Amino acid sequence: MSAPRASYQVRVAEVISETDDACSLVLAVPADLAGVFSYRPGQFLTVRIPHDRDGSVARCYSLSSSPHTGDRPTITVKRMTGGHASNWIADQVAAGSVLEILPPAGTFSPHSLDGDFLLFAGGSGITPVMSILKSALAQGQGRIALVYANRDEHSVIFGPELLRLQAAAGDRLVVVHWLDSLQGAPTPTGIAALTAPYAGYDAFICGPDPYMAVVRQALSELSVPAAQVHVERFLSLAENPFEATEETGGVPATIEVTLDGQTRLLPWPPGTRMLDVLIDEGLDPPFSCRQGICGACACQLTGGEVEMVHNEVLEAEDVADGYILACQAVPLTPTVAITYS
Ligand code: FES
C-alpha cells in the first residue's frame, strides 16, 4: 500500500464572490505552518473534497494570491456544470470552514520575477496567472502584457482588481481582454496580431486546451522559442493522495542511482514507485506533487526500462530523450539505472 500524503487542516478566513460562478477562498494558515505553505507564484494547492461514494476526491486549485504582497494564501474556484468538487466548494464552504489541504506544488512559476512577461489566461486559467502578474509587479522591474479571454464580460474574474493594478502600474502593465461574445473565439492570427509587440517576453499560458492550442500556434507564428513558453494544464489527479492506494505493476529489480555526484545500488521491490525507494533509502531526490503532474521529479533513464503509472507533464520527445518521472516509475526490467543532472 502507498501511504496517504501528509495533509493539513486549514481554516477558511473569508469567501469572496468574484463572479456569479467563481469565488475565492482566503486561507488562515496558522503561524506554525507558514513554512509548509510558503509558495511560489503560479503554484497550486490540492484540496480534499468529501464524496458520498468514494469517501473523498482530491482537486488541485491554483493560488491566485501573490506570496510577495503580504496577502493571505487564496485559491479561486469556478463552479463547473456537473462538477462535484467545485459545486461542493461553492455551496458548502463558508468563512470558518476547515479544509484538508496538501502543501503547495507545481512548476508553473517564473525562475525570476525580474523579466518581461507575456501572460495568457482563458477563463478560470487566470488564477495562477494572476499570482504571477501581481508578484512580478511587486518584486520585478519588467513589463507585463496580459491577454485574457472569456466568454463574455460577466465571466471576467478579477476585472476590478486588474483595473486597480493597471492604474497603479502605469505603462508597466497592459491588459487586453478578448471576449468571445464580441470578437468570436480566439484565433491564432488574432492573438498573434495582439501580441506581436511582446514576442520577446517570457510567455505563460493557462486555460482550456483549445485556448492554449490557439495561443501556442500564435506564438509559433511569431517565432517565439519553445523555451520561452510555459504552459499550465488544468490538473487532474490519477490517484487520491488523501487515501492509501494499492500499488501495482513492475518486477523485482535493482536500481543504480546517480544523484549529487554519488552512485548507489538499491533494491527496488515490484510495485513500488522509484521515488519512494530513493526516499526510503535516505536519498534526497527532488519532487513536488508526487502525482505525475509537475515534473519536479524528472530524471534520466540510462539503463533498463520502467513504466510510468501516470504522466501529465512529459511530452513524447522528453520520453524519447530518456526522461522519466521518478514519482510514477515502476520497474519493467531486473536492472534499471538513472541519473539526475
Ligand atoms: Fe511531480 Fe513527480 S513529483 S511529477
Side-chain angles (χ1 to χ4, degrees), residues 1-7 35-36 38-40 42-44 46 58 60 102-109 111 226-227 230-233 235-341:
M1 297 280 277
S2 126
R5 299 272 312 277
S7 58
V36 171
S38 73
Y39 63 100
R40 300 196 309 276
Q43 288 196 302
F44 62 85
T46 306
C60 303
L102 297 182
T107 56
F108 183 67
S109 189
H111 291 303
H230 312 270
V231 172
E232 178 77 317
R233 298 183 176 91
L235 303 167
S236 60
L237 301 177
E239 296 165 355
N240 184 342
F242 296 102
E243 315 275 348
T245 52
E246 202 72 50
E247 294 282 15
T248 54
V251 299
T254 303
I255 180 168
E256 185 187 281
V257 189
T258 303
L259 174 65
D260 297 332
Q262 305 221 323
T263 299
R264 296 261 309 268
L265 204 58
L266 307 171
W268 187 354
T272 312
R273 306 291 168 85
M274 179 190 288
L275 183 69
D276 292 329
V277 172
L278 307 188
I279 292 172
D280 288 349
E281 291 289 338
L283 299 181
D284 187 23
F287 69 90
S288 180
C289 71
R290 299 183 88 155
Q291 292 289 317
I293 56 181
C294 77
C297 65
C299 58
Q300 195 148 28
L301 188 69
T302 53
E305 287 177 39
V306 302
E307 179 179 29
M308 282 187 279
V309 177
H310 188 65
N311 168 28
E312 288 205 29
V313 59
L314 295 180
E315 307 280 354
E317 313 86 82
D318 302 323
V319 176
D321 286 345
Y323 287 100
I324 57 170
L325 299 174
C327 74
Q328 297 299 312
V330 291
L332 290 183
T333 51
T335 56
V336 171
I338 60 153
T339 181
Y340 288 86
S341 45

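Everything numeric here is computed off the predicted structure, so don't read it as measured data.
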message: With side-chain contact (heavy atoms from CB on, under 4.5 Å) as the criterion, how do Val306 and Trp268 come out once you've worked through the C-alpha distance, each side chain's angles and the decisive distance to 0.1 Å?
response: CA-CA 12 Å; Val306 302; Trp268 187 354; 4.0 Å; yes

- request: Identify which one of Thr335, Ile338, Thr263 satisfies the side chain to side chain contact (heavy atoms under 4.5 Å, CB included) criterion when paired with Glu256.
  value: Thr263

query: Do the non-hydrogen side-chain atoms of Arg273 and Val309 ever get within less than 4.5 Å of each other?
result: yes

message: Please find the pair of heavy atoms, one from Gln43 and one from Ala105, that lie closest to each other, and give the distance.
response: CB-O, 3.2 Å

- request: Please report the shortest heavy-atom distance between Ser109 and Arg40, naming the atom on each side.
  value: OG-CB, 3.3 Å

Non-hydrogen side-chain atoms of Leu266 and Leu283 separated by less than 4.5 Å: yes

field: Side-chain heavy-atom pair Pro285, Ile279 within 4.5 angstrom cut-off
entry: yes

field: Value rounded to 0.5 Å, distance of OG1 in Thr254 from CG in Leu265
entry: 6.0 Å

query: Can you list the steps and then say if Gln291 with Thr46 is a side-chain contact (heavy atoms from CB on, under 4.5 Å)?
result: CA-CA 11 Å; Gln291 292 289 317; Thr46 306; over 6 Å; no

- prompt: Rounded to the nearest 0.5 Å, how far does SG of Cys327 lie from CG of Leu278?
  reply: 11.5 Å

- request: Identify the heavy atoms of Pro269 and Pro267 that sit nearest to each other, and give their distance.
  value: CD-O, 3.7 Å

message: Testing the basics here: between Val336 and Pro331, what is the closest heavy-atom pair and its distance to 0.1 Å?
response: CG2-CB, 4.4 Å

query: Does a side-chain heavy-atom distance below 4.5 Å link Cys60 with Phe44?
result: yes

field: Val277/Met274 under side-chain contact (heavy atoms from CB on, under 4.5 Å): CA gap, chis, key distance, verdict
entry: CA-CA 5 Å; Val277 172; Met274 179 190 288; 5.6 Å; no

- prompt: Quick one: are Tyr340 and Asp260 in side-chain contact, heavy atoms under 4.5 Å?
  reply: no

field: Heavy-atom closest pair, residues Val251 and Leu332
entry: CG2-C, 3.7 Å

- request: Only counting residues at least two apart or in another chain, list the ones meeting side-chain contact (heavy atoms from CB on, under 4.5 Å) with Thr339.
  value: Thr258, Gln300, Thr302

- prompt: Looking at CG of Asn311 and CD1 of Ile324, how far apart are the two atoms once the value is rounded to the nearest 0.5 Å?
  reply: 11.0 Å

- prompt: Is any side-chain heavy atom of Cys299 less than 4.5 Å from a side-chain heavy atom of Val257?
  reply: no

